[in-house]
Amino acid sequence: MGTKIKILSICGSGVVTSSMIAHKLKEMFREHGYDVHTVEANPSELEGYCMREKFDLIAYSSPIHDSCGVPALNAMGLITGLGEEEFMEEALAHLKAAGR
């Protein structure tokens, strides 16, 4: 079992796109030795989730105003297929910097 990380996946409604992103993240991070737990939400729920739980990353497809001090990455490329490698490079760099 790999290193456990927790990612908050944000989309406009907190249902479809965030779930698609979460599924993709689990696959991609598993290939790099991580065991990923995701939580799907909409932008208005972001602050509440950050107050209740600790996240290693936030992946968003809808604009967010604050990331609660958590590294936040635009994940729209995971839906379109464009920019997946760049997303992972940046995400892995954040995790490495955090000792994960």
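Within the structure, no pair that satisfies the salt bridge (Lys or Arg N to Asp or Glu O under 4.0 Å) test touches residues 59-73, not counting sequence neighbours. Screening residues 46-59 for side-chain hydrogen bond (donor to acceptor under 3.5 Å, both in side chains) gives Lys6-Glu53, Asp56-Arg100 as the qualifying pairs, with residues at least two apart or on separate chains. Pairs passing the side-chain hydrogen bond (donor to acceptor under 3.5 Å, both in side chains) check and including a residue from residues 73-99, sequence neighbours excluded, read Lys24-Glu84. Residues in residues 5-36 take part in these ring-ring contact (aromatic ring centres under 6.0 Å, His included) pairs, two or more places apart or across chains: Phe29-Tyr34.
With sequence neighbours left out, the side chain to side chain donor-acceptor pair (under 3.5 Å) criterion links Ser13 to no other residue. Evaluation of the salt bridge (Lys or Arg N to Asp or Glu O under 4.0 Å) rule for Lys26 yields no partner, not counting sequence neighbours. Residues satisfying the side chain to side chain contact (heavy atoms under 4.5 Å, CB included) criterion with Ser19, sequence neighbours excluded, are Glu40.
In terms of hydrophobic clustering, with Ile, Leu, Val, Met, Phe, Trp and Tyr side chains grouped at heavy-atom distances under 4.5 Å, Ile64 and Val70 are assigned to a common cluster. Met28 and Tyr60 fall into different hydrophobic clusters, where Ile, Leu, Val, Met, Phe, Trp and Tyr side chains are chained together by heavy-atom contacts under 4.5 Å. By the criterion of side-chain heavy atoms lying less than 4.5 angstrom apart, applied directly or through intervening Ile, Leu, Val, Met, Phe, Trp or Tyr residues, Met20 is not grouped with Leu82; the two fall into different hydrophobic clusters. Taking hydrophobic clusters as Ile, Leu, Val, Met, Phe, Trp and Tyr residues chained together by side-chain heavy-atom distances below 4.5 Å, Leu73 shares a cluster with Val36. Following chains of ILVMFWY side-chain contacts shorter than 4.5 Å, one cannot reach Val39 starting from Leu57, and the two form parts of different hydrophobic clusters.
A pairwise comparison of heavy atoms in Ile58 and Cys50 identifies CD1-SG, 4.4 Å as the closest pair. Nearest heavy-atom pair, Gly12 versus Pro43, reported as atom, atom and distance to 0.1 Å: O-CD, 3.9 Å.
For the pairing with Cys11, the side-chain contact (heavy atoms from CB on, under 4.5 Å) check across Ile79, Asn42, Ile21, Thr17 returns one residue only, Thr17.
Membership of an apolar cluster is not assigned to Met51, as no side-chain contact below 4.5 Å to another ILVMFWY residue is traced.
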